[in-house]
2 protein chains.
Amino acid sequence: MPQQPPLRAGAARNPSMADVAQRAGVSHQTVSRVLNESPLVKDDTRERVVAAIRELGYRRNNAARMLATNRSGRIGMVSAHLALHGPSMIATAVQGAGHEAGYQVSAIGLLEISEESLRDAVDRLLDQAVEAIVVAVAHRDAIHVVRGLSLPIPVVLVQGVTAGEPMAAGIDQHAGALLATEHLLDLGHRSVAHVSGPLDWIEATQRRLGWRHAHDHRDLLPGPEIEGDWSAASGYEAGTRIGHSDDVTAVFVANDTMALGVLKALHECGRRVPEDVSVVGFDNIPEAAYFWPAITTVDQQFSDLGRLAVDLTVRALEGDEAPAATLLRPELVVRASSAPPPE
Amino acid sequence: MPQQPPLRAGAARNPSMADVAQRAGVSHQTVSRVLNESPLVKDDTRERVVAAIRELGYRRNNAARMLATNRSGRIGMVSAHLALHGPSMIATAVQGAGHEAGYQVSAIGLLEISEESLRDAVDRLLDQAVEAIVVAVAHRDAIHVVRGLSLPIPVVLVQGVTAGEPMAAGIDQHAGALLATEHLLDLGHRSVAHVSGPLDWIEATQRRLGWRHAHDHRDLLPGPEIEGDWSAASGYEAGTRIGHSDDVTAVFVANDTMALGVLKALHECGRRVPEDVSVVGFDNIPEAAYFWPAITTVDQQFSDLGRLAVDLTVRALEGDEAPAATLLRPELVVRASSAPPPE
DNA sequence: CCCTCGAATGTGAGCGCTAACACTCGTACT
DNA sequence: AGTACGAGTGTTAGCGCTCACATTCGAGGG
């Protein structure tokens with residue numbers, strides 16, 4: 001009695017290229033050619049193969065393909081603070097752009113920024129054989145760690161980026177802050193206060209710098225400065241302090257969420273916005289127009305950024321020499337929360 | 001002259017198990033055993049292998065492993081509307097819980113809900129050889145499509161779930177709405193208006209039902225009902241209409257973002273919150289406490305949900321027969337926007 | 001009619017891993 | 001002393017694909 005071939009216990013195996021080949025009466029290589037859209041296949045052969053594929057419900061085994069080609073078609077992304085508007089928008093945008101470019105995107109969201117967690121995330125991505133890594137973490141330390149990692153694959157930065165930096169794409173935070181502050185100065189304010197983000201975030205320092213420079217350009221002295229942590233709570237606290245100092249007529253808040261807190265605090269201090277105090281935010285979150293009052297803010301094109309980042313990544317994978325950072329320009333959106341100073 | 005072995009042009013190959021084995025003076029299988037933590041390896045052998053791994057910077061080739069084991073260690077997730085608080089929180093939570101459980105998570109965010117886009121997403125996930133799929137799309141149609149797909153792998157639902165449903169986990173929306181509405185009725189309101197989410201979202205209908213039932217339980221007639229689309233803009237519009245009808249003293253809004261719009265509209269109509277009108281939201285977004293006034297809302301434990309969903313998925317992968325839906329209970333968070341009716 | 005050449009297809013090896021089984025010991029039992 | 005056994009290790013055969021090369025086939029030129 002002939003011995004049964006050793007079958008893997010349980011489930012019936014998925015059809016393989018060989019199965020398709022047999023059914024179509026061709027070799028497995030021809031099936032491979034069809035799948036890879038080689039022009040060297042006669043039309044009627046191709047049709048028979050395609051039919052066989054459909055009939056068997058064949059699906060190419062990507063693991064085998066990866067093994068043979070030594071490519072994964074996958075890029076990794078590490079992000080953090082996904083509860084915040086910007087980071088989450090960027091993550092979504094990169095993911096989408098990656099798919100559009102034909103890559104699978106593996107995302108890892110850091111719960112905590114530390115050298116260890118970052119290394120761990122990168123490690124997990126390397127385990128997945130990603131061909132490149134997009135780092136969307138704006139924290140100062142994170143960027144240093146990443147820069148010092150010297151990975152065997154391209155690494156692209158998309159947050160906390162400065163002009164000219166290699167392998168990086170970003171939105172020009174400095175320009176955005178300049179826009180916001182100049183808008184207030186143009187309205188006639190002699191000085192603008194600032195509620196910044198946490199200053200270990202590169203973007204927070206860049207926005208802060210833009211705010212200062214706007215004053216410098218006009219030989220004006222910047223108003224008081226309070227460091228927040230992006231949260232509405234910190235904005236509220238900052239707003240309370242601002243509400244108590246009568247000489248502040250304008251505030252540039254580094255994001256809309258903090259601005260929400262600032263608005264609330266100003267209301268509670270009995271200061272009207274924009275009659276007594278003008279407030280400008282940053283991010284243009286979808287709710288910004290429904291703050292009380294609707295808030296003037298700075299809009300960033302995140303989806304463009306995602307596309308840009310993926311573009312850069314793909315170029316790097318194709319051997320292009322480290323292209324320098326491209327910075328997108330944000331835009332000011334004027335709403336009801338900014339007006340000329342009282343009197 | 002002996003012929004050179006055919007080397008792949010370009011980059012030096014990554015070290016393989018064979019390289020490690022050679023360096024450690026063992027067979028590749030022993031290396032495999034060490035990597036898989038087999039107890040059948042003597043301690044000093046293991047140490048030599050570990051040392052060799054470190055020295056060579058060896059990293060196991062997952063493609064080869066997948067090919068040999070016919071397992072991917074990857075689960076897929078399809079989500080949608082990631083700009084909204086709930087969906088984005090759930091996506092993050094599932095991702096995190098998946099990692100904790102030792103799985104890689106491939107997420108696809110739908111840009112548009114349609115049978116085609118859903119099929120496409122599932123297709124892409126199957127191409128990645130995911131072992132199971134978590135569907136986090138609360139849209140009615142999406143759920144129908146998914147249910148009708150009959151995939152060869154487990155599918156777990158985490159939104160738009162009803163009690164008792166197999167392979168599903170969720171948060172009890174009906175109970176949350178009941179909580180919110182009863183809170184208002186307890187305060188003495190005779191009837192509560194409702195700004196619902198779009199009614200093709202299961203969760204919107206569930207919240208609406210909870211609101212109705214709360215009235216039914218007390219033989220009261222529910223107040224007027226307006227359908228929104230989760231956005232602050234739609235909330236604003238609804239709020240404007242509510243602000244014009246003097247008999248409404250309480251509103252249950254189906255999410256906090258719309259509630260923000262409602263608040264703004266009520267302010268503009270000159271109706272004070274909570275003195276004239278009480279407002280209760282849903283979601284407890286981080287900004288909720290900084291609305292003007294801070295809003296009473298319903299809190300959902302998304303991270304628990306993520307863990308629950310992954311747990312379910314893993315159980316299904318281990319052959320457990322389709323366990324029924326578990327619903328988590330949301331909690332009411334009382335803040336300043338709800339108070340007894342005027343008089 | 002043979003030869004050439006390019007288009008179309010087939011063949012075989014090998015990617016790096018795991019599973020199954022074969023083997024070699026030393027130890028414990030008869 | 002011989003046998004049995006299990007711990008520790010090695011050997012071999014795939015997993016399903018792509019690559020490089022071999023082969024076949026038909027059309028066109030001498």
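Since we're looking at a predicted model, the values are computed, not measured. Quick note on labels: first sequence line is chain A, next is B, and so on, each numbered from 1.
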- Message: In whole Å, I'd like the distance from the CG atom of A:N61 to the C1' atom of D:dT18.
- Response: 13 Å
- Salt bridge present between B:R74 and B:E131 (N-O < 4.0 angstrom): no
- Query: Whole Å only: how far is the CZ atom of B:R48 from the P atom of D:dG8?
  - Reply: 14 Å
- Note on the structure: Rounded to whole Å, CG of B:N70 lies from P of C:dC17 at a distance of 17 Å
- Give a yes/no answer on whether the side chain of A:T30 brings an N or O atom under 4.0 Å of OP1 or OP2 in C:dT9. no
- In whole angstroms, the gap separating P of C:dG16 from CE of B:M17 amounts to 12 Å
- Message: By nearest heavy atom, map B:V26 and A:S32 onto DNA chain D; which one lands nearer the 5' end?
- Response: B:V26
- Message: Suppose we screen for side-chain contact (heavy atoms from CB on, under 4.5 Å). Which residues come up paired with A:A132, at least two apart in sequence or across chains?
- Response: A:I75, A:P154, A:T313, A:L317
- Would you mind reading off the distance between A:K42 atom NZ and C:dG10 atom P, rounded to a whole angstrom? 11 Å
- Task: Using the test side-chain contact (heavy atoms from CB on, under 4.5 Å), find all partners of B:E115 that sit at least two apart in sequence or belong to another chain.
- Result: B:R119, B:V145
- Item | B:N62 CG - C:dT18 P separation (whole Å) | 9 Å
- Using the ring of each side chain (for Trp, its six-membered ring), is B:W201 parallel, tilted or perpendicular to B:H81, with breaks at 30° and 60°? tilted
- Item | d(CD, B:Q29; C1', D:dA13) in whole Å | 12 Å
- Sugar-phosphate, base or nothing in reach of B:R60, heavy atoms under 4.0 Å: sugar-phosphate
- Should B:S27 be listed as having a side-chain N or O under 4.0 Å from OP1 or OP2 of D:dT11? no
- Query: A:N36 near the nucleic acid: base, sugar-phosphate alone, or nothing, with a heavy-atom cut-off under 4.0 Å?
  - Reply: sugar-phosphate
- Can you tell which of C:dT9, D:dG14, D:dC17 lies closest to the side chain of A:R65? D:dC17
- Length of the line joining B:R33:CZ and C:dA19:P, which is rounded to integer Å: 11 Å
- Message: With a 4.0 Å cutoff (strictly under), does any side-chain N or O of A:S16 reach OP1 or OP2 of D:dG16?
- Response: no
- Item | Residue A:H28, side-chain heavy atoms: nucleotide from C:dG12, C:dT18, C:dG16 that is nearest | C:dG12
- Item | Check: B:R23 and B:I53 side chains under 4.5 Å, non-hydrogen atoms | no
- Message: Can you tell me if A:T45 touches the phosphate of C:dA8, counting only side-chain N or O atoms and a distance under 4.0 Å to OP1 or OP2?
- Response: no
